[in-house]
**Student:** 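Can you keep this structure in mind? I'll have questions shortly.
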Amino acid sequence: MRTLYLLRHAKSNWGDPGLGDFDRPLAARGRRAAPAVARWMNENGCAPGFVLCSAARRAAETWALVSDVLEGDPEVESTGDLYHAAPAGLLALARALPDRHAAAMMIGHNPGFHVLAGGLAGEGPDDLMRDLAAGYPTAALAGIAFDAARWTEIAPGAGRLTCFVRPRALD
């Protein structure tokens, strides 16, 4: 069994037009949402053993805030490959996750995460599937479980959506 958590970075700040997209920091709303999602993860037993985080500033800041609250001590890797990755590239990164961890989290960006989550989740509770189809806001977290012995075995439509959490629902 494998569980992949896809956490979209928290809300970023667009206030400095001189900053490039890669270097945008989190907005105040994002700094509140990231720890709230981490608390939800703790309360619901979502404990990744490995985290693959986009190297973009807003994703790194999201992870920093989540890691301050999240229980456990996952192995963490930062990569530029998650930044603006297409769904096929994201799937390749997920299939390359280390097999020594049955649960892993990727922290990245839309539209790729929305398309990837929708493509991987072939089933799940109707309300979660509807919520996922409706959009993937900043700091949203999807959990997708696979009946797979290795990450290389995860495939489109083979996953079960186990959670889809929007930060506004946690206020």
Side-chain angles (χ1 to χ4, degrees), residues 2-42 44 46-98 101 103-121 131-132 135-144 151 154 159 161 163-171:
R2 302 281 155 182
T3 302
L4 177 63
Y5 297 104
L6 297 172
L7 176 62
R8 184 176 173 200
H9 66 79
K11 182 71 174 168
S12 62
N13 186 337
W14 292 79
D16 185 346
L19 283 179
D21 182 67
F22 189 86
D23 298 316
R24 281 190 287 119
L26 291 182
R29 187 172 105 200
R31 289 192 301 273
R32 288 187 306 272
V37 171
R39 283 189 293 277
W40 185 93
M41 292 177 72
N42 289 337
N44 290 277
C46 303
F50 183 83
V51 175
L52 184 63
C53 184
S54 168
R57 180 176 175 184
R58 60 193 180 274
E61 288 182 2
T62 298
W63 168 243
L65 292 166
V66 167
S67 69
D68 284 346
V69 175
L70 189 65
E71 295 170 359
D73 188 22
E75 183 181 344
V76 181
E77 183 179 319
S78 177
T79 180
D81 293 341
L82 280 167
Y83 181 68
H84 290 308
L90 293 171
L91 179 58
L93 289 168
R95 286 178 170 160
L97 291 167
H101 301 290
M105 181 165 64
M106 293 170 48
I107 303 172
H109 312 271
N110 256 2
F113 269 29
H114 189 199
V115 175
L116 179 66
L120 289 175
D131 286 350
L132 175 60
Y136 210 113
T138 53
L141 174 76
I144 306 164
W151 286 107
I154 68 171
L161 188 64
C163 68
F164 186 67
V165 179
R166 296 171 180 219
R168 286 189 180 186
L170 304 176
D171 289 341

**Student:** How long is the gap from CD1 on Ile144 to CG on Leu6, to the nearest 0.5 Å?
**Tutor:** 5.0 Å
**Student:** May I have the step-by-step check of side chain to side chain contact (heavy atoms under 4.5 Å, CB included) for Val37 and Thr62, ending in yes or no?
**Tutor:** CA-CA 10 Å; Val37 171; Thr62 298; over 6 Å; no
**Student:** Yes or no on side chain to side chain contact (heavy atoms under 4.5 Å, CB included) for Arg58 and Thr138, after CA distance, side-chain angles and deciding distance?
**Tutor:** CA-CA 11 Å; Arg58 60 193 180 274; Thr138 53; over 6 Å; no
**Student:** Could you pull out the closest heavy-atom pair between Tyr83 and Ala56, with the gap in Å?
**Tutor:** CD1-CB, 3.8 Å
**Student:** His114 vs Tyr136 aromatic rings, parallel, tilted or perpendicular, using cut-offs 30° and 60°?
**Tutor:**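 His114 and Tyr136: tilted rings.
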**Student:** Report the distance from atom SG of Cys46 to atom CD of Glu71, rounding to the nearest 0.5 Å.
**Tutor:**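 Rounded to the nearest 0.5 Å, the SG-CD separation comes out at 11.0 Å.
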**Student:** Can you measure from CG (Leu116) to CG (Asn110) and round to the nearest 0.5 angstrom?
**Tutor:** 10.5 Å
**Student:** For a side chain to side chain contact (heavy atoms under 4.5 Å, CB included) with Leu120, tell me which candidate from Leu91, Leu161, Leu90 qualifies.
**Tutor:** Leu91
**Student:** Under 3.5 Å, side chain of Arg31 to main-chain N/O of Leu26, donor-acceptor pair present?
**Tutor:**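 A pair under 3.5 Å: yes.
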**Student:** Please step through side chain to side chain contact (heavy atoms under 4.5 Å, CB included) for the pair Met41 and Val165, ending with a clear verdict.
**Tutor:** CA-CA 10 Å; Met41 292 177 72; Val165 179; over 6 Å; no
**Student:** May I ask you to check whether over 12 heavy atoms, not counting those of Asp73, lie within 6.0 Å of atom CG?
**Tutor:**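 No.
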**Student:** Taking atom types as modelled, find out whether Ser54 and His9 have a side-chain donor-acceptor pair closer than 3.5 angstrom.
**Tutor:**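 Result is no, nothing qualifies.
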**Student:** Would you compute the distance between atom CG of Leu82 and atom CG of Leu52 and round it to the nearest 0.5 angstrom?
**Tutor:** 4.5 Å
**Student:** May I ask you to test the Ile154-Arg95 pair for a side-chain heavy-atom distance under 4.5 Å?
**Tutor:**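 Side chain of Ile154 against side chain of Arg95, heavy atoms only: contact under 4.5 Å found.
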**Student:** Would you name the heavy atoms of Leu170 and Trp40 that are closest together and state the gap between them?
**Tutor:**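 Closest heavy-atom pair between Leu170 and Trp40: CD2-CD1, 3.5 Å.
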**Student:** Evaluate the criterion side chain to side chain contact (heavy atoms under 4.5 Å, CB included) for residue pair Leu7 and Trp63; output intermediate values, then yes/no.
**Tutor:** CA-CA 9 Å; Leu7 176 62; Trp63 168 243; over 6 Å; no
**Student:** Just wondering, more than 12 heavy atoms not from Arg168 lying within 6.0 Å of its CZ?
**Tutor:** no
**Student:** Restricting to non-hydrogen atoms, name the atom on Asp131 and the atom on Arg166 that form the minimum distance, rounded to 0.1 Å.
**Tutor:** O-NH2, 2.5 Å
**Student:** Minimum heavy-atom separation for Ala142 and Phe164, please, with both atom names.
**Tutor:** CB-CD1, 3.9 Å
**Student:** Do you know which two heavy atoms are closest between Pro87 and Val115, and how far apart they sit?
**Tutor:**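 Pro87 and Val115 have their closest heavy atoms at CG-CG1, 3.3 Å.
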**Student:** Indicate yes or no: at least one non-hydrogen side-chain atom of Asp21 is less than 4.5 angstrom from one of His84.
**Tutor:**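 Yes, at least one pair of side-chain atoms sits under 4.5 Å.
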**Student:** If we ignore hydrogens and angles and just use 3.5 Å, is the side chain of Trp151 paired with the main-chain N or O of His101 as donor and acceptor?
**Tutor:**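 Answer holds: yes.
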**Student:** If you compare all heavy atoms of Pro74 against all heavy atoms of Pro48, which two are closest, and at what distance to 0.1 Å?
**Tutor:** CB-O, 3.3 Å
**Student:** Do Leu97 and Leu4 have side-chain heavy atoms sitting under 4.5 Å apart?
**Tutor:** yes
**Student:** For a 4.5 angstrom cut-off between non-hydrogen side-chain atoms, does Pro25 reach Leu19?
**Tutor:**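 Yes - at least one pair of side-chain heavy atoms lies under 4.5 Å apart.
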**Student:** For Pro35, give me all partners under side chain to side chain contact (heavy atoms under 4.5 Å, CB included), at least two apart in sequence or on another chain.
**Tutor:**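 Testing Pro35 for side chain to side chain contact (heavy atoms under 4.5 Å, CB included), a comparison that skips the adjacent residues, returns Arg39, Leu65, Val69.
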